[in-house]
*Asks:* 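Got a structure for you, written out below as C-alpha cells; questions coming shortly.
Please read all numbers here as calculations on a predicted model, not as lab measurements.
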Amino acid sequence: MIRLHLPTLAAACALAALPFSAGADELDPTGEWSAYGGGQAPLPPMGWNSWNAFYHDIDEEKVLASAQIILDSGLADAGYRYVNIDDGWWLKRDTDTGRMVIRTATFPSAATDSDRTSFRPLTDRLHAMGLKAGIYSDIGRNSCGQTFGHGNANNPAGTAAEREVGLYDHIDQDIALYFGEWGFDYIKVDGCGIRGMGADNPNVQKGIYREVTPLIDFDSIAKTDVPAVKDLFAQVGQALVKHNPDGDFLYSLCIWGSANVRSWGKEYGNISRTSEDIAPYWGRMLHNLDSASRRALYAQPGNWNDPDMLFVGTGDFDTDHPAEARSHFSLWAMLNAPLIIGYDLRKATPEQLAILGNRELIALNQDPAGNQAVLAYDTEDVQFFVKTLADGTKAVALFNRTATQMPVTLTADHLKYAADGQIALTDLWSGEASSFTGEQEFTLAPHETRVFRAAGTRALPGGMYLSEMPGRINVAEEGIDFPEPDPMIHRAIVPWQNTRSNGERPRYTGWGGARADSSPYGQMLRVADREFLTGIGVLANSRLEVRGDGFRRFSAMVGRDDSGPDDGSRVRFEVYGDGKLLGASEWMGLAEPAKPLSVDTGGAAIVELVVRGDGKTARPVPVTWGDAALLP
Ligand code: GLA
C-alpha cells in the first residue's frame, strides 16, 4: 500500500504540501500475496438484501417471505444464499450494558426474554432453510438513516446515547453479539457516522446526536483521515476473526469509494463498495457500473468490487423494461459484482425470476477463476466486456449504453483469439449458437446487452496474457502520488438531491490505478509509437503480485508509456519470483523502444512485477508491461 500519511483534519493545512510516494522499501518484493484471505468470499456473494426493496420499512415477515421465495423459486439452488437485513432493525443501545436492542415491534421473534432481545430465533430459521444471515451496522456512532435523516420511523429511539447504535467504541462487543451470540454470517459496515455527523448536521445542532469530527470528507482526500478510517475497519476485521473461530463470515465495506478505499479495502474485507448508492434509474446504474468497470485488477477471489445491490424489478429495470433489467444483471455478473437481489420477491413475475435465476449468467459470475471482465472496447456509447473463464474460454458482453439502436462489430482481437480461426458463440439469453471468423456484426437494441460464451483459437497458445487473468493479480503498490477522483465515471443526477446543486463532480479516488489493456489514464498502451493491444498499464513506483503457479516463464515488452511526461526521467522494470530477483531491464527513458524482458520463473508461486522510478520527475510516470504473459 502507499503509505498515505494523510493528516487529521486539524493538521491538514500544515501537511498539505508534502509529496506522497512509495519509498524504496515499499517496492521491495515480499514473495507473498498481500490481499486479504480471511472470510468466505472465494466467489462473489449471492443473496438478497432488504434495502432496495423496503428501505427502512422492514420487518421479520418481509425478510422471511423473501427467504421462502428464494427457496421455493429455485433461486437458492441457483446460488443465492445470504438473506441480509439492512438499516432499520435496531431500537437502541442499552446504555447500562452496551448491548444492542432489536426493534421487537417489527421483529417479534427477537423478544426472547423480558430484558434482552436476540436475533437467534431468526438466524436459526434462516439456517434451517439452508440459507445464511446477514446484518448491518455503521462504523461510526450513528447510522445512515440517522445521519441523513431518512427513515425516521424505524430510526433508533431514546436519548442521544441510546441512539448510538453504530460500532464506534463497541466494535468487539457488537461483533461478539452479532456473530458469536446471534449467529450471523455476514456484516455490511456502512460509514455515515464518520462522514456526516459534524457540527453542521442539523440533528447534531439540535442535540439529538453527538458530534463526531468527520474522518471522511467525500470531496477532499486531503481532508480525509485515511489511516484513521483504515484503522477502524481493520478493528472490525480483527473482531470478526476473533468471534468467528470457524472463519465463516463475510465482511462488506460500505464507504462508497471514499477514503482511497480501493487501494486498501482488499487488505481488510471481502467486498467493498465502489460508489454511492444505486437507484432504479438508467443513469444511476451507469454511474455505479463505471465505478467498478475499470478496476478489474482490484478484484480477486476473496476481494470483490461492489458497485452496489441489484435493482432488477424496480423503475427502469421493472417488468416494462426487460432489456434494461437483463443488461443490469448481465453487467453485474460479468464484473464479478456481488449478486444481491434488492426486490420484494413477493411481487416477482416468472420473467423477473428467470432473469435473476439465469444459470448461464450466474455461472459467469461464479466462475472459479475469479477474473472480473476487462473492457475490450470502451466508449460512452458502447462497451465490450470480456471475461476469461477457468476453462480458458471467454464470455463477452456487448453493451449498448444509449437509447438508440447500435450496429457494432466484434472482432477476434477483442477476444484475444486468432483472426483466422473459427469462433463459436452461444447467446446466454437466447441459447442460440453461431460462429464467425475474423469479425461479426451485431445490432444492439436500445440499452441491450448481448452476452455470449465464446470459444476459439487462442492468440497466445499455451500461455495466458496477464490482462486475461486479473483474478491472479494484486496491485500491492500503485505508484499514485496523490489519489484523485475518477473522471471516467458517468455523472448521473443523484436522485435524493435532484438538481439542487450546480452538477455532479468526479468522485471516488482511483484515477491512475493499474489497468488491464490500457494505460493508467485510459490511453492506448504505447511505447515509442509501438501499440500494445494487450498488457498491463501502471505507474512507476508500483509493485504487482501475480499468482504464478502452473507457469514457468514470464515475458513482456517493457518501456515508458508514450502518454507520460517528457521529463527526462527513467524507470527500471524488475521481475521477482518468490522474492528473488529473476531479471530486470536497463533504466529506460521516454521514447526508447520497448525491450523484451523474459525470465524463467521456475514455477514461482508469486511473481512480482516492480517498476522503480529514478525520482527525477514531478509527475506520475505511466509505464507499460506490453504483451505481459505467463507461459508454460
Ligand atoms: C447507505 C448505504 C445503503 C444503505 C443505506 C441504509 O446509504 O450505502 O446501501 O445501506 O445506507 O441507510
*Asks:* How far apart are the C-alpha atoms of Glu439 and Asp413, what are their side-chain angles, what is the distance that settles it, and do they pass the side chain to side chain contact (heavy atoms under 4.5 Å, CB included) test?
*Replies:* CA-CA 9 Å; Glu439 60 178 52; Asp413 272 350; over 6 Å; no
*Asks:* Does a salt bridge link Arg507 with Asp486, judged by any charged N lying under 4.0 Å from a carboxylate O?
*Replies:*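 Salt bridge flag = no for Asp486 with Arg507.
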*Asks:* Using the ring of each side chain (for Trp, its six-membered ring), is Phe385 parallel, tilted or perpendicular to Phe399, with breaks at 30° and 60°?
*Replies:*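 Ring orientation of Phe385 relative to Phe399: tilted.
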*Asks:* Mind running side-chain hydrogen bond (donor to acceptor under 3.5 Å, both in side chains) on Ser555 and Ser598 for me, showing each step along the way?
*Replies:* CA-CA 4 Å; Ser555 85; Ser598 176; 5.1 Å; no
*Asks:* Run the salt-bridge test on Asp290 and Arg491 with the 4.0 Å N-O cut-off and return the result as yes or no.
*Replies:*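 Salt bridge flag = no for Arg491 with Asp290.
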*Asks:* With sequence neighbours excluded, tell me which residues meet disulfide bond (SG atoms under 2.5 Å apart) with Cys192.
*Replies:*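 Partners of Cys192 by the disulfide bond (SG atoms under 2.5 Å apart) criterion, ordered by chain and then number, come out as Cys144.
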*Asks:* Go through the steps to decide whether Ser272 and Asp306 satisfy the test side-chain hydrogen bond (donor to acceptor under 3.5 Å, both in side chains), and finish with yes or no.
*Replies:* CA-CA 5 Å; Ser272 178; Asp306 177 6; over 6 Å; no
*Asks:* Among Arg570, Arg572, Lys595, Arg560, find the one that has a salt bridge (charged side-chain N to carboxylate O under 4.0 Å, His left out) with Glu586.
*Replies:*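 The option that passes is Lys595.
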*Asks:* Does the pair Asp567 and Ser569 meet the rule for a side-chain hydrogen bond (donor to acceptor under 3.5 Å, both in side chains), with working shown?
*Replies:* CA-CA 5 Å; Asp567 57 1; Ser569 77; 3.1 Å; yes
*Asks:* Determine whether a donor-acceptor pair (N or O, by modelled atom type, separation under 3.5 Å) exists between the side chain of Arg262 and the backbone of Gly510.
*Replies:*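 Looks like yes, one N/O pair under 3.5 Å.
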*Asks:* Can you tell me if Tyr298 uses its side chain to pair, donor with acceptor, with the backbone of Ala292 under 3.5 Å?
*Replies:*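 Looks like no, no N/O pair under 3.5 Å.
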*Asks:* State which residue, out of Leu215, Val261, Ile139, fulfils the side chain to side chain contact (heavy atoms under 4.5 Å, CB included) condition with Val229.
*Replies:*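 Exactly one option meets the side chain to side chain contact (heavy atoms under 4.5 Å, CB included) with Val229, and it is Leu215.
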*Asks:* Check whether any side-chain N or O of Thr457 sits under 3.5 Å from a backbone N or O of Ala418 as a donor-acceptor pair, and report yes or no.
*Replies:*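 No, Thr457 side chain to Ala418 backbone: no donor-acceptor pair under 3.5 Å.
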*Asks:* Begin from the C-alpha positions of Arg284 and Asp277 and carry the test side chain to side chain contact (heavy atoms under 4.5 Å, CB included) through to its verdict.
*Replies:* CA-CA 8 Å; Arg284 200 66 201 166; Asp277 294 8; 5.6 Å; no
*Asks:* Does the pair Leu582 and Asp600 meet the rule for a side chain to side chain contact (heavy atoms under 4.5 Å, CB included), with working shown?
*Replies:* CA-CA 7 Å; Leu582 302 176; Asp600 187 345; over 6 Å; no
*Asks:* Using a strict cut-off of less than 4.0 Å between a Lys/Arg side-chain nitrogen and an Asp/Glu carboxylate oxygen, indicate whether Asp217 and Arg195 qualify as a salt bridge.
*Replies:*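 No, this pair does not count.
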*Asks:* Kindly say whether the aromatic ring centers of Phe442 and Phe452 come within a distance under 6.0 Å.
*Replies:*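 Phe442 vs Phe452: aromatic centres under 6.0 Å.
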*Asks:* If we count only N and O atoms by modelled type, under 3.5 Å, do the side chains of Gln383 and Asp378 hold a donor and an acceptor together?
*Replies:*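 The answer is yes; a qualifying pair exists.
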*Asks:* Knowing that exactly one of Pro483, Pro487, Pro485 qualifies, which makes a side chain to side chain contact (heavy atoms under 4.5 Å, CB included) with Trp511?
*Replies:*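 That would be Pro487.
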*Asks:* Classify the angle between the aromatic ring planes of Tyr377 and His414 as parallel (below 30°), tilted (30 to 60°) or perpendicular (above 60°).
*Replies:*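 Geometry flag for His414 against Tyr377: perpendicular rings.
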*Asks:* Which residues pass the ring pair (Phe, Tyr, Trp, His ring centres under 6.0 Å) test with Trp33, not counting sequence neighbours?
*Replies:*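 Trp33: no ring pair (Phe, Tyr, Trp, His ring centres under 6.0 Å) contacts found.
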*Asks:* Taking C-beta and beyond as the side chain, do Arg401 and Leu286 meet within less than 4.5 Å on heavy atoms?
*Replies:*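 Sidechains of Leu286 and Arg401: in contact.
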*Asks:* Run through His490, His328, His447, His287 and flag the one making a ring-ring contact (aromatic ring centres under 6.0 Å, His included) with Trp282.
*Replies:*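 Only one option passes, and that is His447.
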*Asks:* I'd like to check the ring pair (Phe, Tyr, Trp, His ring centres under 6.0 Å) partners of Phe573; sequence neighbours left out, ordered by chain and number.
*Replies:*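 Testing Phe573 for ring pair (Phe, Tyr, Trp, His ring centres under 6.0 Å), a comparison that skips the adjacent residues, returns Trp625.
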*Asks:* Is it true that Arg295 and Glu478 make a salt bridge, defined as a side-chain N closer than 4.0 Å to a carboxylate O?
*Replies:*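 Salt bridge between Arg295 and Glu478, a charged N being under 4.0 Å from a carboxylate O: no.
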*Asks:* Assess the pair Tyr268 and Tyr36: is the distance between their ring centroids shorter than 6.0 Å?
*Replies:*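 Ring centroids of Tyr268 and Tyr36 are no less than 6.0 Å from each other.
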*Asks:* Going by ring pair (Phe, Tyr, Trp, His ring centres under 6.0 Å), name the residues that satisfy it together with Phe532, two or more places apart in sequence or in a different chain.
*Replies:*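 Phe532 satisfies ring pair (Phe, Tyr, Trp, His ring centres under 6.0 Å) with no other residue.
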*Asks:* Between the side chain of Ser518 and the main-chain N/O of Arg515, is any donor-acceptor distance below 3.5 Å?
*Replies:*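 Flag not set: sc Ser518 to bb Arg515 has no pair under 3.5 Å.
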*Asks:* Mind checking ring pair (Phe, Tyr, Trp, His ring centres under 6.0 Å) for Tyr417 and listing every partner two or more places apart, or none if nothing turns up?
*Replies:*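 Per chain and number, Tyr417 pairs via ring pair (Phe, Tyr, Trp, His ring centres under 6.0 Å) with no residue.
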*Asks:* For Ser519, check side chain to side chain contact (heavy atoms under 4.5 Å, CB included) against everything at least two apart and list the hits.
*Replies:*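 Side chain to side chain contact (heavy atoms under 4.5 Å, CB included) check on Ser519 returns Tyr521, Gln523, Leu525, Asp561, Ser563.
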*Asks:* Using the side-chain hydrogen bond (donor to acceptor under 3.5 Å, both in side chains) rule, take Ser291 and Asn288 through it: C-alpha gap first, then chi angles, then the decisive distance, then the call.
*Replies:* CA-CA 5 Å; Ser291 71; Asn288 284 50; 5.5 Å; no
